[in-house]
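For clarity, every value in this text was computed on a predicted model and none was experimentally measured. A, B, ... follow the sequence lines: proteins, then strands. Residue 1 opens every chain.
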Amino acid sequence: MRTKIKDILLSDKLDYEVVVKGWVRSFRNNQFIALNDGSIIDNVQVVINDNSDEALLKNIQTGAALSIEGKVIASQGKGQKVEIVATKVDILGGCDPEQFPLQAKNRPSLEYLREIAHLRFRTNVFGAVFRVRNSIAFSIHKFFNEKGFVYLHTPIVTASDAEGAGEMFRVTTLPFDNPPRKEDGTIDFSEDFFGKSTNLTVSGQLEAELAAMALGEVYTFGPTFRAENSNTARHLAEFWMVEPEVAFNDLQDNMNLAEEFMQYVIKYVLDNNKEDLAFLQERLINEEKQKPANERSEMTLLEKLNFVVENKFERITYTEAIDILLQSKPYQKKQFKYEVSWGIDLQSEHERFLVEKHFKKPVIVTDYPKDIKAFYMRLNDDGKTVAAMDILAPGIGEIVGGSQREERLEVLESRMNDMHIPLEEMYWYLDSRRFGTAPHAGFGLGFERMVLFITGMTNIRDVIPFPRTPGNAAF
RNA sequence: UCUUCCUUAGCUCAGUUGGUUAGAGCACCUGACUGUUAAUCAGGGGGUCGCUGGUUCAAGUCCAGCAGGGAGAGCCA
């Protein structure tokens with residue numbers, strides 16, 4: 001039976017027989033194999049003391065898959081506590097060194113690795129990133145499960161085009177070169193697979209609200225699609241989103257949930273991915289060595305994560321945020337590109353100032369002007385603002401967006417009319433306000449943005465296995 | 001989509017005011033090597049300078065267009 005390398009390295013046991021299987025990271029001196037099986041970032045050293053089989057030694061190439069039988073002993077050399085003395089070496093799959101790009105001493109860039117995303121799992125960086133990504137996903141389910149939330153699967157194909165969260169990808173089986181048309185020349189979607197026009201979902205929120213109004217506490221966690229032509233280090237066309245929705249919660253409850261949730265997830269990774277985080281922290285330090293000193297992080301990755309777990313997020317209203325910006329040095333020195341006044345949407349430069357310069361920690365901004373927020377957010381008593389909340393994270397920007405929902409039917413209908421959202425098509429959503437409506441609140445967390453924050457990676461394309469972005473759907 | 005930078009060997013990069021046969025480190029190949037740690041040592045092979053067109057006696061170098069990529073912005077998670 002195969003033993004995982006993680007179990008060997010983290011155990012104090014010695015002098016026992018094992019079978020290990022993994023991939024060669026390097027082969028030194030025709031004698032020492034650094035073997036990795038993905039269970040942990042570190043390699044185990046396999047020692048071959050019999051050099052008589054030259055053909056075998058020749059085939060122990062970087063990247064080759066091996067099965068090793070041997071004995072775990074205290075290492076005879078420095079640099080590792082234990083090593084495996086091989087008694088039998090089988091080559092499961094060779095790896096032509098002339099073809100395989102990931103040689104031990106190569107220093108491939110993240111951009112280059114993105115082009116060979118099918119192979120980049122085999123590097124330390126991506127091994128660490130995807131183990132951490134898994135821990136984040138698992139701890140999200142664990143958090144909500146422990147709190148009694150119901151994990152809800154909302155549809156990926158949706159007929160609703162009123163979610164208002166961005167451009168959508170059309171889903172159709174109609175022939176694109178000659179679709180059926182109505183008399184007025186428009187495409188006849190009654191002939192389409194679902195009998196109507198359908199798209200990939202941009203959010204499961206509206207459906208989650210319906211379930212919350214019966215099950216009480218639900219969350220979604222699934223893929224989300226936006227057809228925007230966004231070319232940035234923090235946007236994907238296909239990404240994963242977590243959307244809790246809770247009946248009877250108000251905005252304060254919503255903020256408390258979001259903050260507790262983020263701290264729980266970070267704590268879980270701190271406790272369960274120590275080796276990966278230590279490696280990612282070193283990677284970040286090395287990357288930032290190439291930047292000017294004033295652009296480097298003030299805290300190391302682990303310091304930052306511990307700080308976020310141990311300190312309350314700053315909570316301010318939109319109106320207070322505008323006041324802070326108006327009194328800020330960059331505003332008074334006219335260093336902001338965009339103007340600041342009550343009613344504007346906060347720009348990246350404003351968010352970055354608040355989070356990275358002024359408060360130096362995650363900030364929850366609440367009560368935005370109603371005109372810059374979605375129709376479903378609850379109108380405040382002032383008639384000007386809505387019970388919205390965005391969590392802004394250092395280096396990432398908006399990581400969570402949420403609100404208390406408008407539960408009053410007349411107010412909701414009035415808001416939808418103002419924003420030209422067809423009420424008839426949304427009868428099913430409005431029914432939740434007609435039949436036993438109740439205050440409720442929820443938020444959406446960009447999963448990959450959370451992975452960015454925790455791993456210290458800087459491009460969102462490097463924290464999802466196969467990124468989909470405008471002009472790119474390889475693999 | 002906008003602004004800006006980049007594209008030279010498998011990878012990471014250098015290449016001066018345009019001027020002989022385009023360089024380095026690592027990787028790779030051959031050989032040596034049984035206590036190495038990104039092993040080391042000796043030798044060797046490897047280039048359509050992103051693509052297309054232009055200027056010039058002469059273009060990796062200058063100009064234009066296109067493609068791909070990075071960073072920033074908008075949109076947002």
Side-chain angles (χ1 to χ4, degrees), chain A residues 25-34 42-52 54 57-58 61-63 75-80 83 85 96-116 123-124 163-167 202-205 221 223-243 258 290-291 295 337-338 345-352 372-374 390-393 396-402 443-453 458-464 469-472 474:
Chain A
R25 285 295 175 81
S26 76
F27 185 39
R28 297 182 290 267
N29 206 21
N30 255 1
Q31 191 184 8
F32 301 98
I33 303 168
D42 302 303
N43 309 318
V44 71
Q45 172 154 290
V46 177
V47 187
I48 297 177
N49 285 321
D50 171 13
N51 65 350
S52 57
E54 283 181 30
L57 294 181
K58 197 156 184 57
Q61 300 148 326
T62 299
S75 178
Q76 307 297 294
K78 289 173 185 166
Q80 56 281 316
E83 62 194 18
V85 180
D96 182 354
E98 288 204 64
Q99 302 287 322
F100 188 59
L102 302 175
Q103 297 299 329
K105 286 213 237 179
N106 275 0
R107 301 285 90 173
S109 63
L110 293 175
E111 291 82 14
Y112 170 68
L113 291 171
R114 217 172 283 152
E115 290 171 23
I116 52 166
T123 63
N124 284 335
E163 285 159 354
E167 291 297 309
V202 294
S203 166
Q205 179 200 314
F221 186 0
T224 310
F225 306 87
R226 305 270 168 97
E228 251 114 36
N229 193 7
S230 295
N231 291 290
T232 80
R234 54 187 189 285
H235 287 89
L236 291 164
E238 176 183 286
F239 64 100
W240 289 65
M241 190 152 63
V242 182
E243 297 179 290
Q290 294 167 28
K291 296 164 99 176
E295 286 177 28
K337 229 175 119 186
Y338 291 84
D345 213 346
L346 295 181
Q347 302 293 322
S348 289
E349 59 181 359
H350 305 143
E351 294 180 351
R352 275 212 310 278
I372 58 171
K373 287 292 180 182
D390 285 357
I391 302 185
L392 311 176
I396 312 291
E398 186 178 345
I399 195 166
V400 163
F443 61 84
L445 170 109
F447 179 67
E448 281 77 16
R449 290 188 181 176
M450 189 70 174
V451 182
L452 273 182
F453 184 73
T458 48
N459 192 312
I460 203 163
R461 301 168 190 202
D462 295 332
V463 298
I464 188 168
T469 54
N472 185 359

Can you tell me how far [atom2] of [N] sits from [atom1] of [X], to the nearest Å?
X	N	atom1	atom2	answer
A:K337	B:G74	NZ	P	8 Å
A:N51	B:U36	CG	P	16 Å
A:E351	B:G74	CD	C1'	12 Å
A:E54	B:A32	CD	P	8 Å
A:Y112	B:G68	OH	C1'	15 Å
A:E111	B:C5	CD	C1'	13 Å
A:F100	B:C11	CZ	P	14 Å
A:N43	B:U36	CG	P	18 Å

Measuring only the [atom1] atom in each nucleotide, how far is [N] from [M]? A whole number of Å is fine.
N	M	atom1	answer
B:G15	B:A59	C1'	14 Å
B:U55	B:G60	P	16 Å
B:C62	B:U17	P	10 Å
B:A27	B:G10	P	16 Å
B:G18	B:A58	P	15 Å
B:A9	B:G23	P	14 Å
B:G31	B:U37	C1'	23 Å
B:C57	B:C11	P	37 Å

task = For A:S75 and for A:F27, locate the closest nucleotide of RNA chain B by heavy-atom distance; then report the residue assigned to the nucleotide nearer the 5' terminus.
result =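 Going by which nucleotide is closer to the 5' end, it is A:S75.
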request  = Hey, which sits more toward the 5' end of RNA chain B by its nearest nucleotide, A:S52 or A:P97?
outcome  =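 Between the two, 5'-proximity favours A:P97.
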Hey, does the side-chain of [X] have a donor or acceptor N/O within less than 3.5 Å of a partner on the base of [N]?
X	N	result
A:S230	B:C76	no
A:Q80	B:U36	yes
A:R107	B:C13	no
A:E228	B:G74	no

Under 4.0 Å, counting only non-hydrogen atoms across every strand here, what does [X] touch: a base, just sugar-phosphate, or nothing?
X	answer
A:T224	nothing
A:F225	nothing
A:L236	base
A:E83	base
A:E398	sugar-phosphate

Do side-chain atoms of [X] reach the backbone of [Y] as a donor and acceptor pair under 3.5 angstrom?
X	Y	result
A:E243	A:G444	no
A:N472	A:A474	yes
A:R114	A:D462	no
A:E83	A:Q76	yes

Of the candidate nucleotides [options], which contains the atom at the shortest distance from the side chain of [X]?
X	options	result
A:R352	B:A73, B:U30, B:A77	B:A73
A:Q45	B:U30, B:G35, B:C76	B:G35
A:D345	B:C76, B:G72, B:C28	B:C76
A:N231	B:U1, B:A77, B:C75	B:U1
A:A104	B:A77, B:A38, B:C11	B:A38
A:R114	B:G70, B:G35, B:G74	B:G70
A:N459	B:A73, B:G70, B:U36	B:G70
A:N106	B:A73, B:C28, B:G10	B:G10

Taking pairing as Watson-Crick or G-U wobble with both contacts under 3.5 Å, can you name the mate of [N], or confirm there isn't one?
N	result
B:A71	B:U3
B:G19	B:C57
B:C51	B:G65
B:G25	B:C11
B:C33	none

For a quick test of reading the model: is some side-chain N or O of [X] closer than 4.0 Å to OP1 or OP2 of [N]?
X	N	result
A:Q99	B:G10	no
A:S26	B:U37	no
A:K105	B:G10	no
A:R461	B:G70	yes
A:R234	B:A71	no
A:Q103	B:C28	yes
A:N29	B:U36	no

ask   = Would you say the side chains of A:R226 and A:T224 form a donor-acceptor pair under 3.5 Å?
value =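 A:T224 and A:R226 do not have a side-chain donor-acceptor pair below 3.5 Å.
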Test item: [X] and [Y] side chains (from C-beta on) under 4.5 Å apart, heavy atoms:
X	Y	answer
A:H235	A:R449	yes
A:F239	A:F447	no
A:L102	A:L113	yes
A:D390	A:V400	no

task = Quick one: closest heavy-atom pair of A:F100 and A:G63, and the distance?
result =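 It is CE2-CA, 3.8 Å.
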task = Output yes if the stacking criterion (under 5.5 Å between centres, under 30° between planes) is met for A:F239 over the base of B:A77, else no.
result =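 Yes, A:F239 stacks on the base of B:A77.
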